Every structure is written in C-alpha cells, then in structure tokens.
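One structure below.
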Amino acid sequence: MACTAVVLCVTGLLGGTAATAHAEARRSPAADPVRPADAEARHLDEVRKKIDALYRKAEQATDAYNAAKEQVDVQQKEIVQLARTIDTTQQKLSALKRQAGALASAQYRGGGLPAEAKLMLNADPAGFLDNATLARKGQLAAKRVVSQLAHLKGDLQRYSDSATDRWEKLEANRKKKESAQRDIKKQIDEAKQLESRLAAKEKDRLKKLEDAQAFREQQKWLDSGILKDISNKASADGKKAISYATAQIGKDYVWGAEGPDTFDCSGLTLRSWQAAGRTIPRTSQEQWRQLPRVDLKDMRPGDLIIYFSDASHVGMYLGGGAIVHAPRPGRQVTITGAGSMPILGVVRPDGDAGDDGAAHTRR
C-alpha cells in the first residue's frame with residue numbers, strides 16, 4: 001500500500017507540475033502577456049544550458065572528490081594498522097636481539113671454545129653425553145634465533161616499504177581530493193553567479209524551462225513504451241530503502257554530503273540502502289562498477305538508475321516511471337521522471353543480476 005501511495009504521488013507530480021511547466025513553456029504570447037520575447041527566451045535557454053553544464057562538471061568533480069576521500073579514509077586506517085604491526089615486530093626483534101646477546105655472552109663465559117672441543121676435553125663418558133645433548137640444543141636454539149632475526153628483519157623492511165607506499169598514495173589522493181574540491185567550488189560559484197544575475201521573474205522562468213526540458217525527455221522515454229515491460233515489485237529491503245529516500249524529500253543538495261540533513265546524489269542512495277541493512281559503494285561510479293547490473297526491463301523499485309556516460313549521477317527507482325534523487329546544488333531531494341536524464345544502466349544493491357534478489361551480501 002505504501003508503494004502504491006508513492007507511485008500515485010509520483011504520478012501526480014509528473015503529470016501535474018512537470019506537465020504544467022511544459023505547457024507554460026509552450027504558451028503563445030497572446031495567451032500569456034508576461035511571456036518573454038523570443039530573444040529573452042533564447043537568452044534564458046542559453047543560461048539554462050550553461051548552468052546545467054557547470055553543475056554537470058561540478059557533479060563529475062564531486063564524484064572524484066568522494067572517491068578520493070574514500071581512498072584517503074581507507075589508507076589512513078591501513079597506515080595506522082601498519083604502524084601497530086611495525087611496533088609489534090620491533091618489540092619482537094628487540095627481544096630476539098636480547099636472546100642472541102645472552103647466547104653470545106654464554107659462549108664468551110665458556111671461553112669461546114667450540115662445543116666440539118669441549119666434548120673432546122671431557123674425560124667422563126656421562127658428562128660427555130650430557131654435554132653433547134646440551135650442545136645440540138644450544139646449536140638448534142642459536143640457529144632458530146638467527147633465523148627468526150633474519151625473518152623479522154625482512155618483515156620489518158616489507159612493512160616499512162608498504163607504509164611508505166601507502167603514505168605516498170595517501171598524499172596523492174589528498175591532492176586529488178583538494179583539486180576536486182577546488183574544481184567543484186569553481187563550477188558551483190560560476191553557476192551561482194550566472195543565476196544571481198537573473199531577476200526574480202527570470203529565475204522563476206528558468207526553473208520552468210528546466211522542468212519543461214525534464215518533462216520532454218521523460219515523455220520521450222515514456223513514449224518508447226518502456227513501462228509496458230517494467231512491472232516488477234520492490235523487495236522487502238527495497239521498500240525500506242525507498243521509505244528512507246522519500247523521507248528525505250525537500251532536504252538540500254550539498255556536494256560530498258551523506259546526510260542526515262543534506263545529501264549529494266550517491267550520498268542519498270548510500271544512506272537509503274544502509275537504512276535497509278545493506279552497505280553499497282559511496283560513489284555513483286563505484287555503484288555502477290561494483291553492484292550487480294540488471295536489464296532496464298527487469299528493473300524494480302529500489303534499484304538504482306545510473307545516469308550519463310561517466311556514471312556521474314544516480315537516482316533510486318520508485319516505480320511508475322519515477323525516481324527520487326538529489327539533483328544538484330541549489331536544489332532539494334525530489335521526485336522526477338526516470339527518463340529525464342540519459343540512462344547509462346541499472347544496478348541492484350540487494351541481489352545478483354538476473355535473479356529475484358535472493359542472493360546477496362549483508363553488511
């Protein structure tokens with residue numbers, strides 16, 4: 001029933017708001033006296049395209065930022081673990097060095113004579129045999145100490161080399177993260193400057209143009225008859241993910257955000273599926289790369305639709321031809337048409353491609 005309610009809500013949004021925006025964009029000058037002149041309309045459309053392009057670049061940089069941030073977090077943990085391992089190994093090495101020193105001191109106190117010579121100088125047969133046993137044990141113990149020393153020294157060197165390699169990668173990813181952060185800020189600031197130059201009425205018309213464009217793309221997708229082949233129901237976990245995602249509607253998009261108050265596109269899908277008890281990759285590109293893929297015709301509510309050829313955007317399918325997603329800076333988590341952007345493919349967080357979702361890995 002909850003899913004049905006969501007679909008009905010989506011249908012209302014897609015058939016109402018978007019359709020109204022599309023209709024307003026197509027009204028004749030006579031029907032709408034406040035419609036801008038053709039030149040102004042072309043100007044606004046150019047502005048819309050520039051803003052879209054800038055936010056697309058910001059989204060690409062956001063994905064790069066998220067990926068670098070994730071790598072930084074992983075590598076920092078690895079370096080900490082390696083440091084602990086190195087410390088433990090050094091302690092073992094120090095203990096073995098003390099043991100080797102004790103063996104050397106014992107040999108010095110014995111006059112430095114080889115064990116074989118001592119055996120030959122012992123006239124007592126029983127003492128000879130005792131010394132032979134002790135000498136053999138001593139030789140084996142010394143060999144073990146020397147072998148362990150060499151092994152631990154090798155381990156220590158490998159751990160040190162690994163720590164150096166991890167540190168270099170950490171620094172490289174930090175630089176990538178900082179570069180992506182600067183790129184994001186640059187693109188967003190430029191887009192905001194473009195929008196800030198518009199008057200209030202122009203901003204309103206710009207929003208309607210965006211809605212009209214999304215509506216046209218969605219209508220083309222629906223006209224292809226795609227929904228005739230999509231009739232699958234959400235899994236139990238899919239319903240939980242949808243419930244979380246739709247509860248975030250109206251919250252602001254903020255790049256790099258994972259909730260609970262703000263989200264970027266993949267931050268929303270990450271948290272939604274975590275709420276359903278599943279752990280998925282952080283970025284839309286990694287979600288596309290790592291999660292099981294399904295055919296569009298086999299899509300079901302809760303699946304993630306990956307957009308654009310570089311997999312830089314993601315939304316969650318709700319059913320009825322709609323998705324919930326975090327669009328871009330300056331916008332809020334919302335419901336829109338699943339076909340309003342170029343679809344790269346579909347992934348399923350709670351199942352293997354081509355099955356009913358029964359096979360999966362829990363957190």
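Keep in mind it's a predicted model, so treat the numbers as computed, not measured. Starting from 1, each residue takes its place in the sequence as its number.
The closest side-chain heavy-atom distance from E258 to Q274 is not below 4.5 Å. Between P301 and I242, the closest side-chain pair of non-hydrogen atoms falls below 4.5 Å. The shortest distance between side-chain heavy atoms of P327 and T334 falls below 4.5 Å. R348 is listed as a side-chain neighbour of R300, based on a closest heavy-atom distance under 4.5 Å.
Applying the side chain to side chain donor-acceptor pair (under 3.5 Å) criterion to S272, with sequence neighbours excluded, gives no partner residue. For Q219, the side chain to side chain donor-acceptor pair (under 3.5 Å) partners two or more places apart in sequence, or in a different chain, are D223. Q332 is linked by a side chain to side chain contact (heavy atoms under 4.5 Å, CB included) to D252, counting only residues two or more places apart in sequence or in another chain. The side chain to side chain donor-acceptor pair (under 3.5 Å) check on E286 picks up R289, Q290, with sequence neighbours excluded. Not counting sequence neighbours, the partners of L344 by the side chain to side chain contact (heavy atoms under 4.5 Å, CB included) test are W288, I306, A311. The side chain to side chain donor-acceptor pair (under 3.5 Å) check on D295 picks up nothing, with sequence neighbours excluded.
Checking side-chain atoms of Q248 against main-chain N and O of Y244 turns up a donor-acceptor pair under 3.5 Å. At least one donor-acceptor pair under 3.5 Å links the side chain of S340 to the backbone N or O of G337. The backbone N or O of A338 lies less than 3.5 Å from a partner atom in the side chain of Q218, making a donor-acceptor pair. R271 places no side-chain N or O within donor-acceptor distance of the main-chain N or O of G259, the cut-off being under 3.5 Å. At distances below 3.5 Å, at least one donor-acceptor pair connects side-chain atoms of K251 with backbone N or O atoms of P260. No side-chain donor-acceptor contact under 3.5 Å links D303 to the backbone of V346.
Between P349 and G302, the shortest heavy-atom contact is CD-O, 4.2 Å. In terms of heavy atoms, P292 sits closest to G351 at CG-O, 2.8 Å. When all heavy atoms of I323 and G315 are compared, the closest pair comes out as CD1-CA, 4.2 Å. The nearest pair of heavy atoms linking A234 to G238 is CB-C, 4.5 Å. Considering all non-hydrogen atoms of both residues, L291 and P281 come closest at CD2-CD, 3.9 Å.
The pair D350-R278 does not count as a salt bridge, with every side-chain nitrogen at least 4.0 angstrom from each carboxylate oxygen. Using a cutoff of 4.0 Å between basic side-chain nitrogens and carboxylate oxygens, D211 and R216 are not scored as salt-bridged.
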### Intermediate values then yes/no, side chain to side chain contact (heavy atoms under 4.5 Å, CB included), Y317 and I230
CA-CA 11 Å; Y317 186 59; I230 302 175; 4.0 Å; yes
Report task. Run the numbers on F263 and L270 for side chain to side chain contact (heavy atoms under 4.5 Å, CB included), then give the verdict. Result -> CA-CA 10 Å; F263 297 88; L270 170 76; over 6 Å; no
Let me see the working for M341 and I305 under side chain to side chain contact (heavy atoms under 4.5 Å, CB included), right down to the final yes or no. CA-CA 10 Å; M341 296 168 283; I305 302 181; over 6 Å; no
Start with the C-alpha distance between K233 and K239, add both sets of side-chain angles, then the distance that settles side chain to side chain contact (heavy atoms under 4.5 Å, CB included), and finish with yes or no.
CA-CA 9 Å; K233 295 180 180 179; K239 290 176 182 177; over 6 Å; no
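V314 and V254 sit in two unconnected hydrophobic clusters of ILVMFWY residues. Membership requires side-chain heavy atoms under 4.5 Å apart, directly or through other members.
Aromatic ring pairs are classed by plane angle as parallel below 30°, tilted from 30° to 60° and perpendicular above 60°; the pair Y307 and H313 is tilted.
Under the 3.5 Å distance criterion, with hydrogens and angles disregarded, a donor-acceptor pair is assigned to the side chains of S312 and D310. Between the side chains of S266 and Q287, no donor-acceptor pair is found at a separation under 3.5 Å.
Interatomic distance, NE2 of H325 versus CZ of R328, reported as 10.5 Å (0.5 Å rounding).
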